[in-house]
Amino acid sequence: MTNRKDLETRFEEKARNVSAFVSRVDTLAQALDYTVDVCVRKEACRLLLAGCEEPLSGGAEGLCDAGRGKTVAAPGLGAEATRLLGRRIAREDVVLVEDTLRNHLAGIDVGITLVDFGIAETGTLVIDSSDEEIRLASMISEIHVALLPVSKIRETAYDVEKELVQDMRRPPNFTAFITGASRTADIERVLALGVHGPLELHILLMEED
């Protein structure tokens with residue numbers, strides 16, 4: 001049986017091979033700091049509207065300004081973690097969103113979600129995305145930060161079969177398997193990232209007491 005450290009090493013190697021950024025954190029607080037730092041350093045999502053360079057009415061100018069701030073989506077983190085994250089972004093030009101992500105489809109800069117399991121064989125994340133807010137945070141954000149406790153890393157997909165079967169008995173069920181950043185080579189066989197989902201996937205391996 002593979003020991004935990006070997007599983008962690010293999011998961012990290014496989015995840016990096018599919019263009020994921022993998023870092024280690026000791027606490028949830030460090031994970032939140034990492035998330036805020038990633039958001040502050042990136043350029044804000046921009047809602048691209050034609051005609052904004054022309055003389056406009058006051059209402060139209062307001063529309064052109066829409067989506068120019070930065071947004072962090074953090075559904076399902078829990079009250080305490082959300083409070084801590086809110087304190088960390090209070091001094092930044094960042095909006096924290098916990099729900100109603102459908103109202104922010106013009107651009108979410110960073111989405112942070114908890115991960116249910118990691119599969120070392122392929123560097124894959126397994127996330128119960130039955131909640132639409134979690135599903136959107138992991139799909140429409142430019143950067144997805146995924147927090148994975150190291151105790152949740154399994155060797156193969158078969159090692160999470162029992163848990164998945166239990167979840168599927170509680171409909172409606174939506175389980176996401178995420179391996180690296182979104183990518184496609186459908187267009188002239190040129191690899192493009194971020195076409196169907198986030199441009200970047202950041203996986204934080206969190207140590208536990």
Side-chain angles (χ1 to χ4, degrees), residues 8 11-48 67-101 103-116 118 123-127 129 131 133-150 152-153 176 178-183 192-208:
E8 293 176 27
F11 177 90
E12 185 170 354
E13 176 186 350
K14 293 295 184 178
R16 291 183 188 277
N17 286 344
V18 289
S19 304
F21 298 89
V22 184
S23 300
R24 291 177 177 267
V25 294
D26 294 322
T27 64
L28 179 59
Q30 289 182 3
L32 299 180
D33 287 339
Y34 180 101
T35 302
V36 174
D37 184 60
V38 166
C39 184
V40 169
R41 286 189 289 107
K42 77 178 290 294
E43 291 186 3
C45 292
R46 299 288 180 175
L47 181 62
L48 301 179
R68 292 193 176 178
K70 294 183 180 180
T71 302
V72 172
L77 289 187
E80 180 61 20
T82 302
R83 184 184 66 81
L84 291 174
L85 181 57
R87 289 176 58 184
R88 282 164 166 74
I89 68 173
R91 298 179 181 177
E92 310 293 342
D93 184 20
V94 179
V95 175
L96 176 61
V97 180
E98 301 175 60
D99 51 26
T100 64
L101 268 64
N103 296 334
H104 298 272
L105 298 182
I108 294 178
D109 294 275
V110 179
I112 178 172
T113 65
L114 301 175
V115 179
D116 294 285
T124 298
L125 304 176
V126 181
I127 302 177
S129 301
D131 185 307
E133 307 297 347
I134 293 175
R135 191 157 65 247
L136 290 174
S138 65
M139 292 176 65
I140 66 173
S141 302
E142 283 197 351
I143 297 176
H144 178 200
V145 178
L147 181 55
L148 172 61
V150 293
K152 296 290 188 177
I153 298 176
I178 300 172
T179 307
S182 168
R183 65 187 62 213
L193 298 179
V195 175
H196 305 298
L199 285 164
E200 296 180 6
L201 173 63
H202 294 242
I203 303 173
L204 303 184
L205 300 180
M206 188 171 74
E207 299 290 342
E208 300 165 289

What are the two closest non-hydrogen atoms of [X] and [Y], and how far apart are they?
{"X": "Ser141", "Y": "Val110", "answer": "OG-C, 3.9 Å"}
{"X": "Thr82", "Y": "Ala74", "answer": "OG1-O, 4.3 Å"}
{"X": "Tyr34", "Y": "Ser23", "answer": "CE1-OG, 3.7 Å"}
{"X": "Leu125", "Y": "Ala146", "answer": "CD1-CB, 3.5 Å"}

For this session: Would you please test His144 and Thr113 for side chain to side chain donor-acceptor pair (under 3.5 Å) and show each step?
Result: CA-CA 8 Å; His144 178 200; Thr113 65; 2.8 Å; yes
Seminar exercise, completed: Given the options Arg16, Lys14, Glu8, Val22 meets side-chain contact (heavy atoms from CB on, under 4.5 Å) only with Arg16
Problem set entry | Min side-chain heavy-atom separation Leu204-Ile112 under 4.5 Å | no
Exercise. Got Leu77 and Leu85 here, is their nearest side-chain heavy-atom distance under 4.5 Å?
Worked result: yes
Exercise. Which residues pass the side-chain hydrogen bond (donor to acceptor under 3.5 Å, both in side chains) test with Arg135, sequence neighbours left out?
Worked result: none
For this session: State whether Asp33 and Arg88 are salt-bridged, where the test is any N-O pair (Lys NZ or Arg NE/NH1/NH2 against Asp/Glu carboxylate O) under 4.0 Å.
Result: yes
For this session: In plain terms, say whether Glu200 and Lys42 are close enough for a salt bridge, that is, a side-chain N and a carboxylate O under 4.0 Å apart.
Result: no
Exercise. In terms of heavy-atom contacts, does CZ of Arg83 have more than 12 from other residues, nucleotides or ligands at under 6.0 Å?
Worked result: yes
